[in-house]
Amino acid sequence: MTIAEQLAYLKKGAVDCIPDEELVRKLERAAKAGQPLRIKAGFDPTAPDIHIGHTVLIRKMRHFQQLGHQVIFLIGDFTGMIGDPSGRSITRPPLTREQINQNAETYKEQIFKLLDRDKTEIRFNSEWMSRFSADDFIRLAGKATVAQLLERDDFKKRFESQSPISVHELMYSLVQGYDSVALNCDVELGGTDQKFNLLMARQVQREYGVKEPQLIMTTPLLEGLDGVQKMSKSLGNYIGITESPREIFGKIMSISDALMWRYYELLTDLSPSEMEQMRARAASNELNPRDLKADLGWRVVRDFYSDSEAVAARDEFDRMFRERRMPEEMPAVTVQDKSIRLVKLLAAEGLASSISEAQRFITQGSVKLDGEKVTDVTFELTRIAAEQAVVQVGKRKFLRLLLA
RNA sequence: GCUGGGGUGGUCGAGUGGUUAAUGGCACCGGGCUGUAAACCCGGCGGGCUUCGGCUCUACGAAGGUUCGAAUCCUUCCCCCAGCACCA
């Protein structure tokens with residue numbers, strides 16, 4: 001790739017690139033010297049579950065790797081112990097060393113689905129921060145003014161409304177900024193919500209005499225499955241990257257058409273021109289949205305698994321929803337007590353959240369036993385003649401019963 | 001600290017002594033239509049037990065009290081909001 005092409009590739013999907021003109025220079029210099037750029041991104045160790053929203057950032061890291069650069073995956077274990085200022089839960093219990101290590105392991109498992117191990121360095125900011133003396137700390141505190149720190153939206157609002165702001169919260173972005181001094185990277189990546197911290201890091205670097213502060217790039221926060229709010233675990237509108245191929249594919253298929261384009265943009269490596277073509281062909285009805293979505297689902301699953309697993313997920317989906325057949329694989333349970341009532345079993349196996357709900361499902365006609373609708377809420381398993389049977393609740397929940 | 005307003009189910013928000021598991025919207029779940037899209041239509045939406053007709057327990061910030069009966073009245077406490085006071 002030419003430098004210009006590299007530039008376009010790296011900027012795709014990014015929101016900010018500050019200072020904008022510097023990326024070219026860095027790329028050119030790296031190419032000339034044969035010295036890869038060092039790219040850093042920080043992660044919070046308190047929430048180690050990565051969903052595809054986070055992968056927008058991770059994919060950006062990957063883009064740099066693909067162009068030969070080195071990526072530093074920084075785990076903010078020290079900052080995590082202080083607590084994130086944006087978190088309303090200031091009194092969050094600090095994590096133990098063990099938990100942090102465990103979370104770090106969880107991270108690794110997940111990120112290496114996307115990143116190249118050989119070009120990834122994993123670091124913890126406690127490496128340098130836990131050695132900080134009170135002296136060092138006061139010095140760090142002197143690198144920014146209160147007015148600057150209060151620029152941050154969250155603080156500004158709280159200050160104006162006279163809500164409490166703890167001093168340590170103000171320190172957060174400085175500490176985070178110091179990471180950049182310690183790691184001395186060329187570029188730092190982060191979500192748009194991190195822009196303030198990223199900019200502050202540049203200032204901290206300058207204050208510590210770094211001649212050329214890091215370039216910063218931000219990536220958008222991905223909308224969740226509802227298409228409106230940002231993807232997050234607590235809102236339940238997410239796709240976890242450790243979910244099964246079938247689940248990921250299914251969730252992708254259920255998003256709205258508008259959201260599909262957004263996901264294409266941020267979750268695939270299609271070039272802007274390829275996407276333009278796609279849009280045009282969709283607009284002229286040459287491609288139908290359903291198939292485009294299936295293609296998207298395949299691409300996303302393939303990233304976290306393999307091509308064959310992605311194809312399998314797609315085929316499985318077609319079997320279930322196009323042909324309305326049963327899936328090939330489904331959870332199975334061995335039933336010891338054949339006199340158990342079906343509603344209880346459904347609740348116990350999680351096909352319904354409670355017995356009451358299971359009853360509702362039957363009343364509403366969404367429960368099938370071997371394809372036959374069950375209408376009797378008092379149905380007991382004793383009435384099943386065969387050795388095994390398949391219960392279906394709704395369109396997508398299946399359970400194979402093995403009768404002992 | 002003072003004065004006033006308020007805390008209701010996932011959320012918003014009605015209800016001010018008695019058909020009350022509590023109107024309604026949103027979210028959510030099931031069904032229909034489809035492309036597991038959107039829109040739309042129908043149904044549901046605390047838990048447990050049930051011989052499916054029901055029975056029962058828990059819920060309206062917390063704890064007590066009045067009453068045959070309370071989300072609704074009284075007392076105390078906790079929390080939130082607005083204003084006032086205090087502020088080295």
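Atoms considered below: every heavy atom in the structure, side chains included; atoms not considered: hydrogens, waters and symmetry mates. In the text below, chain A, chain B and the rest are named by the order of the sequence lines, each starting its count at 1. From a predicted model like this one, the values you see are computed outputs, not experimental measurements.
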Please confirm whether any donor atom in the side chain of A:D291 sits under 3.5 Å from an acceptor in the base of B:G35, or the reverse. no

How many whole angstroms separate atom CZ of A:R290 from atom C1' of B:C33? 17 Å

Does A:K395 count as lying over the ring of A:F321, i.e. NZ or CZ under 6.0 Å from the six-ring centre, within 45 degrees of the axis? no

Identify, between A:K397 and A:E247, the residue whose nearest nucleotide on RNA chain B lies closer to the 5' end. A:K397

Atom-to-atom span, CG of A:L225 to P of B:C29 - whole angstrom: 11 Å

Check: A:Q392 side chain, A:G394 main-chain N or O, donor-acceptor pair, under 3.5 Å: yes

Taking only Lys NZ, Arg NE, NH1 and NH2, and the carboxylate oxygens of Asp or Glu, determine whether A:D136 and A:R131 approach each other closer than 4.0 Å. no

Before we go on, tell me: are the rings of A:F73 and A:F43 under 6.0 Å apart, centre to centre? yes

Separation of the P atoms in B:A38 and B:C33, to the nearest angstrom: 16 Å

Backbone N/O of A:I18 and side chain of A:D16: donor-acceptor pair under 3.5 Å: no

For RNA chain B, whose closest nucleotide is more 5', that of A:A347 or that of A:P289? A:P289

When the C1' atoms of B:A14 and B:G24 are considered, how many whole Å apart are they? 7 Å

Sort me out a list of protein N/O and nucleotides 51-55 of chain B N/O pairs below 3.5 Å, or just none if empty.
from  : atom 1 : to     : atom 2 : distance (Å)
B:C52 : N4     : A:R341 : NH2    : 2.9

Without hydrogens or angle criteria, can the side chains of A:Q203 and A:Q148 be said to hold a donor-acceptor pair below 3.5 Å? yes

Please write out each protein N/O paired with an N/O of nucleotides 43-46 of chain B under 3.5 Å, distance rounded to 0.1 Å.
from  : atom 1 : to     : atom 2 : distance (Å)
B:G43 : N2     : A:Q364 : OE1    : 3.1
B:G43 : N3     : A:Q364 : OE1    : 3.1
B:G44 : O4'    : A:Q364 : OE1    : 3.2

Could A:R202 and A:Y208 be counted as a cation-pi pair, given that NZ or CZ must be under 6.0 Å from the ring centre and within 45° of the axis? no

Is there a salt bridge (charged side-chain N to carboxylate O under 4.0 Å, His left out) between A:R38 and A:E121? Walk through the geometry before answering. CA-CA 10 Å; A:R38 286 166 63 78; A:E121 196 178 316; 3.6 Å; yes

